[in-house]
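What follows is one structure encoded as structure tokens, with my remarks underneath.
Side-chain atoms are counted along with the backbone in the values below, which use heavy atoms only and exclude waters and symmetry mates. Numbering of residues begins at 1 and proceeds along the displayed sequence.
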Amino acid sequence: MNNYVQVYHNVIDPGYCDELIEKFNGNPRQHDRREEDLVSFTEIHLYKHSEWEQDVQTITQVYIKYLKQYRKEFNIIDAMWPKMVGMEGFRIKKYLPNDKDEFKPHVDSFDKKSSFRFLAFFMYLDDNKGGQTSFPQLDLRIPCTKGSLLIFPPLWLWLHSGEKPVDKPKYILGSYLHYGK
């Protein structure tokens with residue numbers, strides 16, 4: 001059985017990745033800092049800010065394109081797929097190379113509140129030494145490659161971590177597909 005972890009390269013233009021990073025850094029008032037037991041990073045919830053609307057539309061189209069390809073590659077037929085789906089609001093996350101920012105091993109659908117998530121999308125906005133997304137139980141490490149998209153189920157069988165970046169900040173843009181109502 002395959003592991004349903006897939007990476008697609010060059011899904012968005014490198015210049016657009018740079019624009020998203022610049023826009024993130026240029027809007028510090030929109031930043032939310034998370035520091036908890038498993039996690040430390042800074043993020044922007046794009047759906048909370050009107051100036052990100054065009055970016056949300058652009059990224060949604062990219063995700064839809066690669067979702068279709070993902071379903072085809074893994075032979076995910078309609079009988080296996082929810083009849084109605086939704087998408088969680090996009091977030092850009094910034095991890096500093098400060099020996100603190102990381103997301104330790106976890107799953108993204110772990111309680112009643114998050115149980116509606118069934119597929120994760122992580123787009124890397126910059127190349128980075130370190131900062132990989134690791135799946136320890138699968139012995140798999142996905143490098144941070146600018147413009148690449150990682151898709152996988154965020155469930156208990158896919159324990160993963162966002163490792164610490166080494167020499168510069170790591171930026172990812174993420175979302176999840178949800179079971180519809």
Practice item. Would you list the pairs meeting salt bridge (Lys or Arg N to Asp or Glu O under 4.0 Å) in which at least one residue belongs to residues 144-166, sequence neighbours left out? Key: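 Qualifying pairs: Asp18-Lys146, Asp99-Lys164, Glu102-Lys164, Arg141-Glu163.
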Heavy atoms only: give me the nearest [X]-[Y] pair and the separation to one decimal.
X      : Y      : value
Asn27  : His31  : O-CD2, 3.3 Å
Val166 : Pro97  : O-CB, 3.5 Å
Arg33  : Phe41  : NH1-C, 3.1 Å
Thr145 : Tyr124 : O-CB, 3.4 Å
Thr42  : Phe24  : O-CZ, 3.9 Å
Asp101 : Leu96  : OD2-N, 2.9 Å

Point to revise | Any donor-acceptor pair under 3.5 Å from Lys170 side chain to Gly131 backbone | key: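 Judged by distance alone, yes, a pair lies under 3.5 Å.
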Review point. Can any side-chain N or O of Trp158 pair as donor or acceptor with the backbone N or O of Leu138 at less than 3.5 Å?
Key: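 Judged by distance alone, no pair lies under 3.5 Å.
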Under 4.5 Å between any side-chain heavy atoms of [X] and [Y], yes or no?
X      : Y      : value
Thr133 : Phe103 : no
Glu73  : Tyr8   : yes
Ile142 : His160 : no
Lys65  : Val62  : no

Nearest 0.5 Å please: distance from the [atom1] atom of [X] over to the [atom2] atom of [Y].
X      : Y      : atom1 : atom2 : result
Asp126 : Cys144 : CG    : SG    : 9.0 Å
Asp13  : Glu19  : CG    : CD    : 8.0 Å
Leu67  : Lys72  : CG    : NZ    : 13.5 Å
His9   : Leu149 : NE2   : CG    : 10.0 Å
Gln137 : Trp156 : CD    : CH2   : 8.5 Å
Ile44  : Asn25  : CD1   : CG    : 8.0 Å

Practice item. Only counting residues at least two apart or in another chain, list the ones meeting salt bridge (charged side-chain N to carboxylate O under 4.0 Å, His left out) with Lys129. Key: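 Salt bridge (charged side-chain N to carboxylate O under 4.0 Å, His left out) check on Lys129 returns nothing, list empty.
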**Study point:** Working for salt bridge (charged side-chain N to carboxylate O under 4.0 Å, His left out), residues Lys168 and Asp127
**Key:** CA-CA 9 Å; Lys168 64 180 183 174; Asp127 294 327; over 6 Å; no
Pairs of donor and acceptor atoms involving the side chains of residues 76-92, under 3.5 Å and at least two apart or interchain, shall be tabulated with distances.
residue : atom : partner : partner atom : Å
Asp78   : OD1  : Arg71   : NH2          : 3.0
Glu88   : OE1  : Arg117  : NE           : 2.8
Glu88   : OE1  : Arg117  : NH2          : 3.4
Glu88   : OE1  : His178  : NE2          : 2.8
Glu88   : OE2  : Arg117  : NH2          : 2.7
Arg91   : NH1  : Glu43   : OE1          : 3.1

**Study point:** Asp37 atom CG: more than 12 heavy-atom contacts under 6.0 Å
**Key:**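 Counting neighbours around CG of Asp37, 12 or fewer heavy atoms of other residues, nucleotides or ligands fall under 6.0 Å, so no.
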Check your understanding: Taking atom CD of Glu22 as the centre, does the number of heavy atoms from other residues, nucleotides or ligands within less than 6.0 Å exceed 12?
Key ->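 At most 12 heavy atoms, drawn from other residues, nucleotides or ligands, come within 6.0 Å of this atom.
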Practice item. Take Asp32 and Lys48 through the side-chain contact (heavy atoms from CB on, under 4.5 Å) test and state the conclusion after the steps. Key: CA-CA 11 Å; Asp32 293 312; Lys48 290 183 178 180; 4.2 Å; yes
Check your understanding: Given Tyr63, which of Leu173, Ile151, Leu119 fulfils the side chain to side chain contact (heavy atoms under 4.5 Å, CB included) condition?
Key ->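 Passing option: Leu173.
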Check your understanding: Would Tyr66 and Gln6 count as a side-chain contact (heavy atoms from CB on, under 4.5 Å) if you check the C-alpha gap in whole Å, the side-chain angles of each, and the deciding distance to 0.1 Å?
Key -> CA-CA 10 Å; Tyr66 286 94; Gln6 184 64 29; over 6 Å; no
Check your understanding: Step by step, would you call Val56 with Glu53 a side-chain contact (heavy atoms from CB on, under 4.5 Å)?
Key -> CA-CA 5 Å; Val56 167; Glu53 284 179 21; 5.7 Å; no
Practice item. Could you please spell out the steps behind the side-chain contact (heavy atoms from CB on, under 4.5 Å) verdict for Trp52 and Ile59? Key: CA-CA 10 Å; Trp52 292 94; Ile59 295 159; over 6 Å; no
**Study point:** Leu125-Tyr47 co-clustered via ILVMFWY side chain contacts under 4.5 Å
**Key:**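 Per the 4.5 Å side-chain linkage, Leu125 and Tyr47 are not co-clustered.
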Practice item. Begin with the C-alpha distance, continue with both residues' side-chain angles, and end with the deciding distance and a verdict on side-chain hydrogen bond (donor to acceptor under 3.5 Å, both in side chains) for Asn128 and Tyr171. Key: CA-CA 9 Å; Asn128 203 291; Tyr171 297 87; over 6 Å; no
Check your understanding: Looking at Phe122, Phe74, Tyr4, which hits ring-ring contact (aromatic ring centres under 6.0 Å, His included) with Phe152?
Key ->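 Going through Phe122, Phe74, Tyr4 one by one, the ring-ring contact (aromatic ring centres under 6.0 Å, His included) with Phe152 is satisfied by Phe122 alone.
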